[in-house]
Amino acid sequence: MAKKIFHGRPILSGKIEGAATVSHIGLNTLSTYKANVIGGVKDKALCTDGDNKDLYNKDLNGAILCLPQTIGSTTGGFVLMGVAKMGLAPKAMLFANHVDSLAIGGLLMADIWMEHRIITIDLLGSEFLEAVKTGDPIKVMEDGTVEVG
């Protein structure tokens, strides 16, 4: 695969390299992390959202999540802050669209209150989600540049 470069807006900047974990539908944070925030599971972050076929039953602890946006109830931010506090948060969330209000509250609280940065880049575009596949090598730069491949 030839390398593809995408330029997004760094919300919570940082540098990271790893394997991509891709969701082509909105990430329902409560459904995804239900076993952690409601069930008390503290050793892994298996996605419990059966409606998300891309992520279901995958361990999202330390993942570089590539997604369009988050969806669900207003608990979304609290859930992201909670999994960060538990040490089970993704390392990065790379949004094809604008980061949404459900996610940004929790991402900022995790960063400020928990001192746990989840690198966040948005506005990467729909072409980003068309190009990246789960398992692809991905590199994120502080300026919001994302290299796939």
Worked verdict on M93 versus T70 for side-chain contact (heavy atoms from CB on, under 4.5 Å): CA-CA 10 Å; M93 293 182 78; T70 65; 3.9 Å; yes

Closest approach of D59 and K44, non-hydrogen atoms and distance? OD2-CB, 3.5 Å

Any chance you could lay out the side-chain hydrogen bond (donor to acceptor under 3.5 Å, both in side chains) test for N97 and Q69, step after step, and finish with the verdict? CA-CA 6 Å; N97 304 324; Q69 73 277 329; 2.9 Å; yes

Are the side chain of D136 and the backbone N or O of G149 linked by a donor-acceptor pair below 3.5 Å? no

Nearest-0.5 Å distance, CG of residue N57 to OG1 of residue T48: 9.5 Å

M86 CE to N61 CG distance, which is reported to the nearest 0.5 Å: 10.0 Å

Non-hydrogen atoms of I16 and K91 that approach each other most closely: CD1-CB, 3.2 Å

Quick one: are F6 and T145 in side-chain contact, heavy atoms under 4.5 Å? no

Is any NZ, NE, NH1 or NH2 atom of the basic residue among R9 and D122 found under 4.0 Å from an Asp or Glu carboxylate oxygen of the other? yes

From M109 atom CE to L80 atom CG, the distance as rounded to the nearest 0.5 Å: 8.5 Å

Shortest non-hydrogen contact between M141 and K139, atoms and distance: SD-CG, 3.7 Å

Considering non-hydrogen atoms only, spot the tightest contact between Y33 and L60 and give its length. OH-CB, 3.8 Å

Return yes if some donor-acceptor pair links the side-chain N/O of T21 with the main-chain N/O of L65 below 3.5 Å, else return no. no

Just how far is it from atom OG of S23 to atom CG of L129, taken to the nearest 0.5 Å? 8.0 Å

Apply the test side-chain contact (heavy atoms from CB on, under 4.5 Å) to residues V83 and V37: give CA-CA distance (whole Å), side-chain angles for both, the deciding distance (0.1 Å), then the verdict. CA-CA 7 Å; V83 294; V37 297; 4.2 Å; yes

Could you pull out the closest heavy-atom pair between I138 and C66, with the gap in Å? CD1-SG, 3.8 Å

Residues E147, K3: salt bridge by 4.0 Å N-O rule: yes

For V148 and F128, what are the C-alpha separation, side-chain angles and deciding distance, and is it a side-chain contact (heavy atoms from CB on, under 4.5 Å)? CA-CA 9 Å; V148 177; F128 170 67; 4.0 Å; yes

With a 4.5 Å cut-off on side-chain heavy atoms, are D51 and N28 touching? no

Qualifying residue, where the test is side chain to side chain contact (heavy atoms under 4.5 Å, CB included) with T32 and the options are V79, D49, L46: D49

Side-chain heavy atoms of V146 within contact of L94, under 4.5 Å: yes

On a heavy-atom basis, which atom in P68 and which in F95 lie closest, and how many Å separate them? O-CD2, 3.8 Å

Same hydrophobic cluster for I119 and V132, using side-chain heavy-atom links shorter than 4.5 Å among ILVMFWY? yes

Are L107 and I121 connected, step by step, through hydrophobic side chains (Ile, Leu, Val, Met, Phe, Trp, Tyr) whose heavy atoms are closer than 4.5 Å? no

Contact between L30 and I38 at the side-chain level, heavy atoms closer than 4.5 Å - yes or no? yes

Can you tell me how far the OG atom of S13 sits from the CD atom of E142, to the nearest 0.5 Å? 4.5 Å

Hey, quick one: are I118 and I11 part of the same hydrophobic cluster, counting side-chain heavy atoms closer than 4.5 Å, chains of contacts allowed? yes

Can you measure from CG (L12) to CZ (R117) and round to the nearest 0.5 angstrom? 5.0 Å

Check whether W113 and F78 end up in the same hydrophobic cluster, where Ile, Leu, Val, Met, Phe, Trp and Tyr are linked by side-chain heavy atoms less than 4.5 Å apart. yes

For K85, look at atom NZ and say whether over 12 heavy atoms of other residues, nucleotides or ligands are found less than 6.0 Å away. no

Would you check if I71 and L27 make a side-chain contact, meaning some heavy-atom pair closer than 4.5 Å? no

